[in-house]
There are 2 protein chains.
Amino acid sequence: MSRAEPITALILETFRLNGALLSAGDRLVGHLGLTSARWQVLGAIAYAPQALAIAHIARNMGLTRQAVRRLVNEMVADGLLRLAANPHHRRARLVLMTKAGRAAYAAAMALQTPWAEALGQDLPPAEIDAARRVLLAMRVHLSPDNDTTPGDPDALDEHA
Amino acid sequence: MSRAEPITALILETFRLNGALLSAGDRLVGHLGLTSARWQVLGAIAYAPQALAIAHIARNMGLTRQAVRRLVNEMVADGLLRLAANPHHRRARLVLMTKAGRAAYAAAMALQTPWAEALGQDLPPAEIDAARRVLLAMRVHLSPDNDTTPGDPDALDEHA
DNA sequence: CTTTAATTGACAACATACTGTCAATTCGAC
DNA sequence: GTCGAATTGACAGTATGTTGTCAATTAAAG
């Protein structure tokens with residue numbers, strides 16, 4: 001009856017998949033001392049070509065500085081990250097992985113690859129990519145100021 | 001490279017769309033005294049053919065009893081909901097909308113329809129539905145015990 | 001150089017949702 | 001009817017993320 005109906009159904013399914021993904025991610029890396037949120041922080045650091053400060057990581061992840069600050073503080077206390085002086089900014093220290101942090105991230109990635117392959121084994125890559133583009137179009141419509149590949153610090157167009 | 005890559009990209013996009021939808025929903029219904037979470041609770045109550053208890057609402061929404069309990073308590077205090085005796089269960093009172101709750105929900109729905117239509121105006125309904133099915137397939141893969149129409153109170157295939 | 005604006009980290013408070021635990025209640029097996 | 005399992009609401013604690021506010025620092029304007 002309304003054009004709103006398919007969109008509404010997709011929105012509700014997005015909420016449910018989000019929750020299912022987070023809990024599945026927590027189960028996947030929980031035994032490594034990680035959570036989904038901590039894993040994402042490590043990913044942002046690993047992906048960046050150079051060391052970043054907290055505010056920079058937050059921008060790359062699409063979160064607030066405060067959320068990242070709390071995670072970083074806890075991960076420093078747990079020995080996964082360390083803070084180093086920033087030659088360009090006395091206040092904004094650089095966030096670096098410790099040896100334990102790198103090991104945990106490598107272990108998480110080793111688990112993630114087969115997990116993701118199993119998750120998509122029954123779905124053609126073309127359909128997966130088509131779904132991703134639909135979600136991207138919706139998100140861009142919601143916040144037009146965002147670029148098309150947020151979370152990606154440098155490769156703005158092609159995350160190749 | 002790997003079959004994991006398109007799935008991983010879709011997962012990250014799901015996280016971002018989820019956040020964008022929640023903040024957009026909060027902005028849409030904030031002036032009605034609602035939030036995205038409260039709106040969803042009202043929707044679960046409005047959608048059900050009969051009055052539900054807290055645990056039942058939680059199952060329909062895919063949340064925990066505790067999360068719904070807190071929301072319901074606050075919404076009762078705010079006059080949006082009220083609790084009524086359950087003839088079939090002394091402990092599990094039924095959650096009902098007050099007049100104010102029904103008015104707020106109606107106002108939210110009146111806003112949601114044109115908002116959703118605008119959100120999907122550039123996307124063919126077939127693509128939207130295809131994306132929804134991909135997300136559904138992923139979620140079912142993550143939690144095989146879930147039925148295919150969560151949020152539907154009666155179409156349960158009796159996972160008892 | 002001085003003033004102003006923007007960025008950054010920190011603290012507080014709040015919103016949402018989770019797990020764990022408990023007693024009360026209902027339901028099923030016997 | 002009785003007993004044990006399951007359900008339900010409640011409480012406590014934790015995790016994640018938000019907004020608001022502040023001082024320190026950096027960058028820009030004059």
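Proteins come first, then strands; the chains are lettered A, B, ... in the order of their sequence lines, and each starts at number 1.
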Any residue meeting side chain to side chain donor-acceptor pair (under 3.5 Å) with Asn86(A), in chain and number order, not counting sequence neighbours: none
Gln112(B): partners by side chain to side chain donor-acceptor pair (under 3.5 Å), with sequence neighbours left out: Thr8(A)
Inter-end axis angle, the helix from dC1(C)-dG30(D) to dC30(C)-dG1(D), with every axis fitted to five base pairs (rounded, 10 degrees): 30°
Any donor-acceptor N/O pair, His141(A) side chain to Ala118(B) backbone, under 3.5 Å: yes
With the criterion being N/O to N/O and under 3.5 Å, what pairs connect the protein with nucleotides 25-29 of chain C, and how long is each?
{"unit_1": "dT26(C)", "atom_1": "OP1", "unit_2": "Arg90(B)", "atom_2": "N", "d": "2.6"}

Non-hydrogen atoms of Leu123(B) and Ala137(A) that approach each other most closely: CD2-CB, 4.0 Å
Partner set under side chain to side chain donor-acceptor pair (under 3.5 Å) for Asn73(B), not counting sequence neighbours: none
DNA chain D contacts made by residues 24-42 of chain A, counting heavy atoms under 4.0 Å: Thr35(A), Ala37(A)
For atom CG of Leu22(A) and atom P of dT16(C), their distance in whole Å: 17 Å
d(CG, Leu71(B); P, dC18(C)) in whole Å: 10 Å
Contacts of type side chain to side chain contact (heavy atoms under 4.5 Å, CB included), residue Ala130(B), not counting sequence neighbours: Arg133(B)
Side-chain donor or acceptor of Asp26(A) paired with backbone N/O of Ser36(A) under 3.5 Å: yes
Contacts of Ile11(B) that satisfy side chain to side chain contact (heavy atoms under 4.5 Å, CB included) - sequence neighbours left out: Leu21(A), Trp115(A), Leu119(A), Ile7(B), Phe15(B), Met138(B)
Partners meeting side chain to side chain donor-acceptor pair (under 3.5 Å) with Thr35(A) (sequence neighbours left out): none
Atom-pair distance (CZ on Arg65(B); P on dG20(C)), nearest Å: 13 Å
Short side-chain to backbone donor-acceptor contact, Thr113(A) and Ala110(A), under 3.5 Å: no
Min side-chain heavy-atom separation Asp129(A)-Arg132(A) under 4.5 Å: yes
Span of DNA chain D, from the first to the last nucleotide whose atoms fall under 4.0 Å of chain A heavy atoms: dT16(D) to dT26(D)
List the atom pairs, with distances to 0.1 Å, where a side-chain N or O of residues 65-72 of chain A and a protein N or O form a donor-acceptor pair under 3.5 Å, not counting sequence neighbours.
{"unit_1": "Arg70(A)", "atom_1": "NH1", "unit_2": "Glu74(A)", "atom_2": "OE2", "d": "3.4"}

Only pairs under 3.5 Å count here: list side-chain donor-acceptor contacts from residues 92-109 of chain B, not counting sequence neighbours, and write none if there are none.
{"unit_1": "Thr98(B)", "atom_1": "OG1", "unit_2": "Gly79(B)", "atom_2": "O", "d": "2.5"}
{"unit_1": "Thr98(B)", "atom_1": "OG1", "unit_2": "Leu80(B)", "atom_2": "O", "d": "3.1"}
{"unit_1": "Thr98(B)", "atom_1": "OG1", "unit_2": "Ala100(B)", "atom_2": "N", "d": "3.4"}
{"unit_1": "Thr98(B)", "atom_1": "OG1", "unit_2": "Gly101(B)", "atom_2": "N", "d": "3.1"}
{"unit_1": "Arg102(B)", "atom_1": "NH1", "unit_2": "Met97(B)", "atom_2": "O", "d": "3.2"}

Sugar-phosphate, base or nothing in reach of Arg70(A), heavy atoms under 4.0 Å: base
